[in-house]
Visitor: 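One structure, as structure tokens, below. Some questions next.
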Amino acid sequence: MRVSQYFIPTLRDVPADAELPSHKLLLRAGFIRQQAAGVYAYLPLGWRVIRNVEQVIRSEMDAIACQELRLPTLTPREMLEETGRWDVPVVYHLQDRRKADFALGFTHEEPITEVIRHSVRSWRQLPTLLYQQQTKFRDEPRPRGGVIRTREFIMFDAYSFDRDEEGMDVSFWKFAQAYRNVFRRMGLPFVEAEADGGDIGDLDNREFLVLTESGEDTVLRCEEANWAANAEACACLPPEPLPAPANGNGQKPLELVSTPGMRTIEEVAGMLGAAPEHLVKTLVYVADGTPVAVLVRGDRELNEIKLRRHLKAKNLFLADEATVEKVTGAPRGFAGPVGLSGVRLLADYEVAVMRNFITGANQADAHYVHVNIDRDFAPDEYADLRVAVAGDRCPVAPEYTLTEARGIEVGHIFKLGTKYSAAMGATFNAEDGSTKAVQMGCYGIGNSRLLAALVEASHDDDGIVWHPEIAPFHVVIVLANVKDEKAQEAGTALHDALEARGIPVMLDDRDERPGVKFKDADLVGYPVRVVIGKGLAEGKVEIRARRDAGSSRDVPIGEAETAIVALLEELKGA
RNA sequence: CGGGGCGUGGCGCAGUCGGUAGCGCGCGACGUUUGGGACGUUGAGGUCGCAGGUUCGAAUCCUGUCGCCCCGACCA
């Protein structure tokens with residue numbers, strides 16, 4: 001391929017609305033263009049990377065006998081109503097000319113289960129693994145970060161169907177391994193993390209994240225134990241009990257203090273000269289219509305996912321001012337556990353070991369100091385309810401502490417059990433003659449998001465640095481001076497030789513100054529750059545790896561082909 | 001949905017006491033140039049997001065509306 005004939009609209013200036021490095025570079029290097037918020041066109045270079053990603057996934061799916069198919073993008077309303085998902089907020093709805101309702105596919109559990117329930121009758125047909133790579137539509141409240149979070153995106157989604165839970169387990173781990181292979185082949189540094197399954201299923205699930213500053217998710221890691229979890233799902237161990245003070249129980253007398261207008265933890269702590277961790281905040285939530293009060297140490301965040309799970313609540317939100325006042329008898333900012341009645345009172349484990357702390361007094365402009373559990377109040381129960389943070393003990397190896405990092409979720413795998421098969425009647429005849437619901441799993445990779453994650457993970461000040469496995473082209477041959485006929489001949493010959501070997505190669509034959517071509521080569525990120533220029537007089541060409549300017553070396557033109565092939569092999573391995 | 005910011009040639013921007021739009025890059029032509037985003041000459045390209053309003057006159061003032069970005073909520 002020749003650069004002069006290829007559509008590579010590179011930009012010198014960064015479009016003003018790009019902030020993330022990946023977004024800037026993908027725009028500047030001519031890989032993507034925006035059409036609307038969260039809606040992007042993939043230009044030839046970007047599309048080649050997407051196709052390479054698909055191809056890597058395809059080959060790993062072949063390896064586990066997972067078969068590619070193609071489900072419709074239009075999903076009939078009735079199908080989504082079977083599982084109660086027609087009204088999910090992110091679904092795009094539309095009507096045909098007869099006023100029949102359809103959704104644009106936002107995920108495909110229903111359509112795939114539809115296929116299975118009509119075609120799988122016997123245990124002998126299971127397990128079955130199926131996947132597709134297709135556009136998904138989700139009306140995201142806030143698209144962001146270029147191609148990281150979009151409303152229309154390309155996704156790999158796979159589904160497993162098994163006879164029983166053991167089989168589902170086997171399929172789940174097959175996919176986990178396939179995912180590792182996929183990301184490794186792309187040279188992508190990733191972590192596997194325990195995660196929250198959201199509403200998709202609350203069984204086992206596992207996230208694959210690329211660690212990068214600009215990630216949307218917070219990951220807590222224990223490198224010693226090789227363990228990680230998404231912060232929203234990371235368990236917190238109950239703290240060690242405090243050592244008993246020498247002088248009795250160490251409790252000071254309860255005291256009511258005036259704190260006019262001091263509502264936030266910072267304000268109260270500041271006024272009373274106490275550290276936030278000596279306060280306990282009392283949060284009032286409404287769970288399925290019933291108010292509950294929750295205690296968390298002042299410097300901690302309540303984890304709503306944990307609370308929702310603990311309460312087994314479908315609907316959970318922070319109470320409004322009026323409800324708070326009704327429950328506590330005080331305006332927002334002064335709620336406390338002392339004297340609180342008529343409401344279920346939960347406390348985070350950490351609160352159990354606190355002594356002489358500060359809380360709201362359930363009256364306007366007042367707080368209690370030296371509050372103590374049992375003496376002054378008693379929670380109905382304790383639970384793990386706070387958000388985990390760096391410095392916490394590792395839940396699986398408590399002798400180590402967790403560190404925090406940001407990550408982009410690029411893959412997520414779930415065990416579904418019979419959630420969808422039961423709802424949709426996907427059953428089969430088991431070996432013992434009974435009728436059972438199929439055990440399912442679902443598995444996703446954000447292909448288009450991966451494009452951004454790959455760039456976030458591999459770029460420098462000059463541009464993108466592609467791994468050969470997914471690079472749009474492996475090699476660029478730069479003709480320093482196109483007017484030089486000898487160089488042209490040599491470049492064309494080398495180009496043709498590499499192409500004949502099946503190596504995707506680009507010949508930069510534009511009538512531009514060399515500097516322009518070098519800048520573009522760096523920006524686009526070809527793993528290997530060959531320059532045919534001054535050295536040709538001595539029969540030499542320059543070869544260098546994009547990732548390492550210092551790797552530049554001159555080789556005799558006759559050895560260029562083998563040197564390039566060897567360099568590509570080296571780059572693939574590392 | 002709440003908060004903040006921004007809409008002016010393809011891209012980046014300037015242009016508010018209101019007077020009929022400018023700069024850089026890019027683009028076309030010609031010439032010189034050719035190892036890290038060259039230079040000269042010349043040329044094309046803009047209903048100033050849209051709709052109302054105020055005014056003799058609006059990119060500029062007022063009202064409304066649409067779009068885009070960022071933070072948060074949300075993220076099946």
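Just so you know, these numbers use all the heavy atoms, side chains as well, and skip hydrogens, waters and symmetry mates. Every chain is numbered from 1 and lettered A, B, ... according to where its sequence line falls, protein lines coming before strand lines.
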Visitor: Which base sits across from B:C61 as a Watson-Crick or G-U pair, both distances under 3.5 Å?
Guide: B:G53
Visitor: Can a salt bridge be assigned to the pair A:D511 and A:K483 using a cut-off of 4.0 Å between side-chain N and carboxylate O?
Guide: yes
Visitor: Mind checking what makes salt bridge (charged side-chain N to carboxylate O under 4.0 Å, His left out) contact with A:E68, not counting sequence neighbours?
Guide: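 A:R58.
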Visitor: Please list, one pair per line, the donor and acceptor atoms closer than 3.5 Å that link side chains of residues 444-452 of chain A to other protein atoms, with sequence neighbours excluded.
Guide:
| residue | atom | partner | partner atom | Å |
| --- | --- | --- | --- | --- |
| A:N447 | OD1 | A:F156 | N | 3.3 |
| A:N447 | ND2 | A:Q133 | OE1 | 2.8 |
| A:S448 | OG | A:I154 | N | 3.0 |
| A:S448 | OG | A:I154 | O | 3.4 |
| A:R449 | NE | A:I148 | O | 2.7 |
| A:R449 | NH1 | A:E409 | O | 2.8 |
| A:R449 | NH2 | A:I148 | O | 3.2 |

Visitor: Sticking with atom P, work out how far B:G46 lies from B:G22, rounded to a whole angstrom.
Guide: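 The answer is 13 Å between these two P atoms.
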Visitor: Who does B:U16 pair with, Watson-Crick or G-U, both distances under 3.5 Å?
Guide: none
Visitor: Please report the distance, rounded to the nearest Å, between OH in A:Y92 and P in B:A76.
Guide: 15 Å
Visitor: How far does the P atom of B:U34 sit from the matching atom of B:C70, given to the nearest Å?
Guide: 45 Å
Visitor: Can you list everything that forms a salt bridge (charged side-chain N to carboxylate O under 4.0 Å, His left out) with A:R144? Sequence neighbours excluded, please.
Guide: A:E216
Visitor: Please find the pair of heavy atoms, one from A:F7 and one from A:P44, that lie closest to each other, and give the distance.
Guide: CD2-CD, 3.7 Å
Visitor: Establish, for the pair A:K415 and A:F172, whether the NZ or CZ atom is under 6.0 angstrom from the six-membered ring centre and no further than 45 degrees off its axis.
Guide: yes
Visitor: Rounded to the Å, how far apart are A:M79 CE and B:A76 C1'?
Guide: 17 Å
Visitor: Which parts of nucleotides 35-41 of chain B does protein reach within less than 4.0 Å, heavy atoms only, written one letter per nucleotide 5' to 3' as B for base, S for sugar-phosphate only and - for none?
Guide: BBBB---
Visitor: Without decimals, in angstroms, what is the distance between A:L302 CG and B:A73 P?
Guide: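 To the nearest whole Å, that distance equals 13 Å.
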Visitor: Any protein N or O atoms within reach of nucleotides 68-70 of chain B? Criterion: under 3.5 Å, listing atom names and distances.
Guide:
| residue | atom | partner | partner atom | Å |
| --- | --- | --- | --- | --- |
| B:C68 | OP1 | A:A37 | N | 2.7 |
| B:C68 | O3' | A:Q34 | NE2 | 3.4 |
| B:C68 | O2' | A:D17 | OD2 | 3.1 |
| B:C69 | OP1 | A:Q34 | NE2 | 2.8 |
| B:C70 | OP1 | A:G145 | N | 3.2 |

Visitor: Scan for side-chain hydrogen bond (donor to acceptor under 3.5 Å, both in side chains) pairs involving residues 290-302 of chain A, sequence neighbours excluded, and state none if there are none.
Guide: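 Qualifying pairs: A:R297-A:D299, A:R300-A:E350.
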Visitor: Mind calculating the distance between CD (A:E140) and C1' (B:A76) to the nearest angstrom?
Guide: 10 Å
Visitor: On RNA chain B, nearest-nucleotide positions of A:V88 versus A:P15: which is more 5'?
Guide: A:P15
Visitor: Across all strands, who's sitting opposite B:C27 as a Watson-Crick or G-U wobble pair, both distances under 3.5 Å?
Guide: B:G43
Visitor: Considering every strand shown, what is the Watson-Crick or G-U wobble mate of B:A38 when both distances are under 3.5 Å?
Guide: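 When the pairing criteria are applied, B:U32 turns out to be the nucleotide that pairs with B:A38.
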Visitor: I'd like the P distance from B:C69 over to B:A51, given in whole Å.
Guide: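 Their P atoms lie roughly 23 Å apart.
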Visitor: Kindly write out the residues that satisfy salt bridge (charged side-chain N to carboxylate O under 4.0 Å, His left out) with A:R138, not counting sequence neighbours, or none if the list is empty.
Guide: none
Visitor: Identify every side-chain donor-acceptor pair in residues 527-544 of chain A under 3.5 Å, counting partners at least two apart or on other chains, and give the distances.
Guide:
| residue | atom | partner | partner atom | Å |
| --- | --- | --- | --- | --- |
| A:R529 | NH2 | A:E542 | OE2 | 3.1 |
| A:E542 | OE2 | A:S552 | OG | 3.4 |

Visitor: Whole Å only: how far is the CG atom of A:D196 from the C1' atom of B:A76?
Guide: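 Result: 11 Å.
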Visitor: If pairing requires Watson-Crick or G-U wobble contacts with both distances under 3.5 Å, which nucleotide is the partner of B:C68?
Guide: B:G5
Visitor: How far does the C1' atom of B:A59 sit from the matching atom of B:A14, given to the nearest Å?
Guide: 12 Å
Visitor: Say we look at B:C66 and B:G49: how far apart would their C1' atoms be, to the nearest angstrom?
Guide: 7 Å
Visitor: Pick the C1' atom in B:A29 and in B:U8, then give their distance to the nearest Å.
Guide: 28 Å
Visitor: Measure the distance from CG on A:D511 to P on B:G31 and round it to the nearest whole Å.
Guide: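 After rounding, the gap between these two atoms is 12 Å.
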Visitor: Sticking with atom C1', work out how far B:A44 lies from B:C30, rounded to a whole angstrom.
Guide: 15 Å
Visitor: Using salt bridge (charged side-chain N to carboxylate O under 4.0 Å, His left out) as the criterion, list what pairs up with A:R510, not counting sequence neighbours.
Guide: A:D508, A:D520
Visitor: When you measure only distances, ignoring hydrogens and angles, does the side chain of A:D13 come within 3.5 Å of the base of B:G26 through a donor and an acceptor?
Guide: no
Visitor: Distance check, C1' atoms only: B:C48 and B:G19, in whole angstrom units.
Guide: 16 Å
